[in-house]
Amino acid sequence: MVGAGVGGLACAVDLAARGIPVRVLERASGPGGKARTVEVDGVGVDAGPTVLTMPWVFDELFEAAGATFREAVPLERAQVLARHAWPDGTWLDLFAELGRAADAIGEVFGAAEARAYRAFRDDARRIFEISENAFLRSQRLTLGGIVAEFGAAGLAALARLDSHRSMWRSLERRFSDPRLRQLFGRYATYCGSSPFEAPATLNLITHVECEGVYRARGGMSGLMRGLARLARSLGVELQHDASVDRIVVERGRAVGVRAGGALHRAAAVVFNGDVSALGRGLLGAPAADGVRPTPRGARSLSAVTWAMRARPRGAPLLHHNVFFGDDYRNEFEALLRRGEVPADPTVYVCAQDRADVEIEPPDERILVLMNAPPNGDEPGRWDEAERRRCTTVMQKVLRRSGLSLEPTATVQTTPREFEARFPATGGALYGPRWKGATSVLARAGASAKVPGLYLAGGSVHPGPGVPMAALSGRLAAEKVSEDLGSIARSRTAATSGTTSTG
């Protein structure tokens with residue numbers, strides 16, 4: 001297995017549970033991939049994903065391996081999905097429970113918007129149900145494959161996904177107040193995309209969040225440790241600080257990987273990394289055959305993050321907090337057209353030691369995030385002056401809503417550092433971004449063109465995000481197991497991995 005991210009570990013667990021020997025090679029010193037922890041003044045701060053949804057994905061994964069997810073990784077469900085603030089002084093706590101959420105929206109934005117929200121929730125649930133049954137659990141989607149597997153019903157389902165219009169157009173028809181369009185349009189950024197480009201299919205994220213946003217004990221790094229423990233209990237060999245230099249292809253078939261001068265032979269190789277690294281030949285030209293790197297203009301968003309130990313002052317924080325800018329359309333024009341961090345961006349603040357109440361620990365773990373263009377591979381883009389500008393912009397947005405952060409220690413990460421961690425991406429964190437009606441069909445599937453080589457992770461089907469990456473790993477394991485058949489059980493091979501991207 002090349003990479004011990006969410007997709008790689010999910011794949012390893014499934015394969016090992018089937019009795020297939022698995023070795024995972026990971027360049028970093030621990031599991032996680034993009035679900036990383038940054039040490040700040042001796043304390044670990046989650047500096048990757050902070051939202052856990054769709055826990056049933058992990059319930060099913062652990063159950064298939066004879067374990068119980070919520071015993072291994074205890075969860076706490078959030079009652080407030082996020083606290084939102086706008087430049088005009090408006091505040092809204094969005095609740096998971098429909099009645100409380102509609103009442104809160106009605107109090108702030110009026111009864112008509114509350115009714116619109118109820119209808120919106122119904123539509124989001126319908127889109128998700130179609131997506132889950134027909135697509136999320138299926139191998140790579142193509143129009144031909146949909147017709148072959150589902151017939152005319154499959155094409156009808158595709159039409160009902162509301163992919164023919166953008167999220168923003170759909171939200172304009174739903175909500176009169178532009179602030180609510182901003183709130184729900186922001187969900188496109190969960191996939192590194194723009195609501196002005198992404199298909200309205202992504203409105204299903206509203207349903208996913210309302211079904212449950214969870215905090216894992218120990219944070220997202222606790223989730224990754226739980227996955228790693230399960231993998232090891234099944235006999236998976238996890239090797240850290242082991243960077244894969246090349247995927248070895250002989251006679252047109254992947255037969256192993258080379259890491260640190262050593263050859264690790266395998267009956268199958270699973271690459272759990274961004275397809276751009278593979279497609280651009282960073283692991284050898286033979287393995288790149290048929291793998292299309294993400295074009296520069298189709299990259300998803302990157303980010304600037306600040307992992308802090310800090311003492312917030314002023315505006316009260318919950319666990320998840322969003323501070324919006326004033327001109328949402330210009331925000332994405334700056335990011336994706338002009339290639340710059342906007343002067344008035346949306347800022348996300350995760351107060352990791354808080355839950356649904358305004359408890360103020362004396363010295364908190366804080367992650368602050370702003371979206372950024374995926375240009376970390378462009379020399380000179382992220383010099384000290386630009387880093388300081390981003391910090392100034394971030395502080396200005398927070399101060400406007402009455403919040404100041406007093407950090408005792410900070411680690412800043414820009415697209416340049418993300419490019420270094422995930423080469424050939426420019427720092428893009430989600431693979432190709434969702435853009436237009438055919439986005440659902442554009443991602444690579446689990447099987448690469450080279451026999452014996454398989455793909456997992458957020459840059460392939462079904463898409464980015466912690467549960468989606470886990471599903472990609474399970475789909476890869478399904479293909480590996482299917483292709484190896486009975487031979488896999490009698491040979492020491494399985495997946496070899498680490499990643500030059502992870």
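Just so it is clear, the structure is predicted and the values come from calculations on it, not from any experiment.
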Check: Gly458 main-chain N/O paired with Arg443 side-chain donor or acceptor under 3.5 Å: yes

Plane angle bin for Phe422 and Phe418 - parallel if under 30°, tilted between 30 and 60°, otherwise perpendicular: parallel

Test item: Ser459 and Thr294 side chains (from C-beta on) under 4.5 Å apart, heavy atoms: no

Any donor-acceptor pair under 3.5 Å from Ser243 side chain to Arg27 backbone: no

Donor-acceptor contact below 3.5 Å, side chain Glu250 vs main chain Val255: no

Residue Glu63 excluded, over 12 heavy atoms near CD under 6.0 Å: no

CH2-CD distance between Trp168 and Gln182, expressed to the nearest 0.5 angstrom: 6.0 Å

Stepwise side chain to side chain contact (heavy atoms under 4.5 Å, CB included) test for Val236 and Leu15: CA-CA 9 Å; Val236 173; Leu15 289 172; over 6 Å; no

N/O donor-acceptor pair under 3.5 Å between Asn272 side chain and Gly5 backbone: yes

Expected output: side-chain Arg421 to main-chain Gly33 donor-acceptor under 3.5 Å: yes

For Leu455 against Ala476, the heavy-atom pair lying closest together: O-CB, 3.6 Å

Nearest non-hydrogen partners of Leu282 and Pro423, listed with the distance: CD1-CB, 3.6 Å

Spatial distance of atom CZ (Arg258) from atom CG (Leu283) [nearest 0.5 Å]: 13.0 Å

Over-ring placement of Arg174 relative to Phe184, 6.0 Å and 45° cut-offs: no

Arg299 (side chain) donor-acceptor with Ala428 (main chain) under 3.5 angstrom: no

Side-chain (Thr414) to main-chain (Val304) donor-acceptor, under 3.5 angstrom: no

Cationic N near anionic O, under 4.0 Å, Arg126 to Glu129: no

Intermediate values then yes/no, salt bridge (charged side-chain N to carboxylate O under 4.0 Å, His left out), Glu197 and Arg337: CA-CA 12 Å; Glu197 296 179 338; Arg337 299 288 181 267; 2.9 Å; yes

Derivation of the salt bridge (charged side-chain N to carboxylate O under 4.0 Å, His left out) call for Glu419 and Arg416: CA-CA 5 Å; Glu419 158 68 17; Arg416 177 188 292 173; over 6 Å; no

Atom of Ala228, atom of Leu9 and distance for their closest heavy-atom approach: N-CD1, 4.1 Å

CA sep, side-chain torsions, deciding dist, call: Thr206, Tyr187, side chain to side chain contact (heavy atoms under 4.5 Å, CB included): CA-CA 8 Å; Thr206 292; Tyr187 287 152; 3.2 Å; yes

Donor-acceptor contact present, side-chain Asn371 to main-chain Leu335, <3.5 Å: no

Side chain to side chain contact (heavy atoms under 4.5 Å, CB included) between Asp377 and Arg296, worked out: CA-CA 10 Å; Asp377 52 354; Arg296 184 175 293 269; 3.2 Å; yes

Within-4.5 Å side-chain heavy-atom neighbours: Asp46 and Leu367: no

Carboxylate-amine/guanidinium proximity below 4.0 Å for Arg474 and Glu478: no

Spacing of NE2 belonging to His164 relative to CZ belonging to Arg169, to within rounding of 0.5 Å: 10.0 Å

Interatomic spacing from CD in Glu209 to CG in Leu204 - rounded to 0.5 Å: 11.0 Å

Closest non-hydrogen atom pair between Gly185 and Leu171, with its separation: N-CD1, 3.4 Å

Phe62 and Phe58 aromatic centres sub-6.0 Å: no

Val291/Lys449 under side chain to side chain contact (heavy atoms under 4.5 Å, CB included): CA gap, chis, key distance, verdict: CA-CA 7 Å; Val291 178; Lys449 182 178 178 181; over 6 Å; no

Arg217 atom CZ: more than 12 heavy-atom contacts under 6.0 Å: no

More than 12 heavy atoms of other groups within 6.0 Å of Arg280 CZ: yes

Side-chain donor or acceptor of Arg433 paired with backbone N/O of Leu301 under 3.5 Å: no

Heavy-atom side-chain contact between Thr53 and Pro467 under 4.5 Å: yes

Arg77 to Cys210 - nearest heavy-atom pair and separation: NH2-O, 3.1 Å

Check: His207 and Ile127 side chains under 4.5 Å, non-hydrogen atoms: no

Heavy atoms of other groups near Arg165 CZ, more than 12 under 6.0 Å: yes

Minimum heavy-atom distance between Lys34 and Pro49, given as atom pair plus value: O-CD, 3.4 Å

Rounded distance [0.5 Å steps], SG in Cys350 versus NE2 in His320: 5.5 Å

Over 12 non-hydrogen atoms of neighbours within 6.0 angstrom of CZ in Arg70: yes

Among Leu61, Leu223, Leu227, side-chain contact (heavy atoms from CB on, under 4.5 Å) partner for Phe69: Leu223

Check: Leu453 and Leu278 side chains under 4.5 Å, non-hydrogen atoms: yes

Pair Tyr348-Thr189, side-chain donor/acceptor within less than 3.5 Å: no

Glu331/Arg186 ion pair, N-O < 4.0 Å: no

Heavy-atom side-chain contact between Tyr454 and Cys11 under 4.5 Å: no

Any donor-acceptor N/O pair, Asp245 side chain to Gly260 backbone, under 3.5 Å: yes

Distance (rounded to the nearest 0.5 Å) between Ile20 CD1 and Ser481 OG: 4.5 Å

Arg292 vs Val275 side-chain heavy atoms within contact, under 4.5 Å: no

Modelled atom types, side-chain donor and acceptor of Arg36 and Thr413, under 3.5 Å: yes

Heavy-atom check, side chain of Ser194 versus side chain of Met167, under 4.5 Å: no

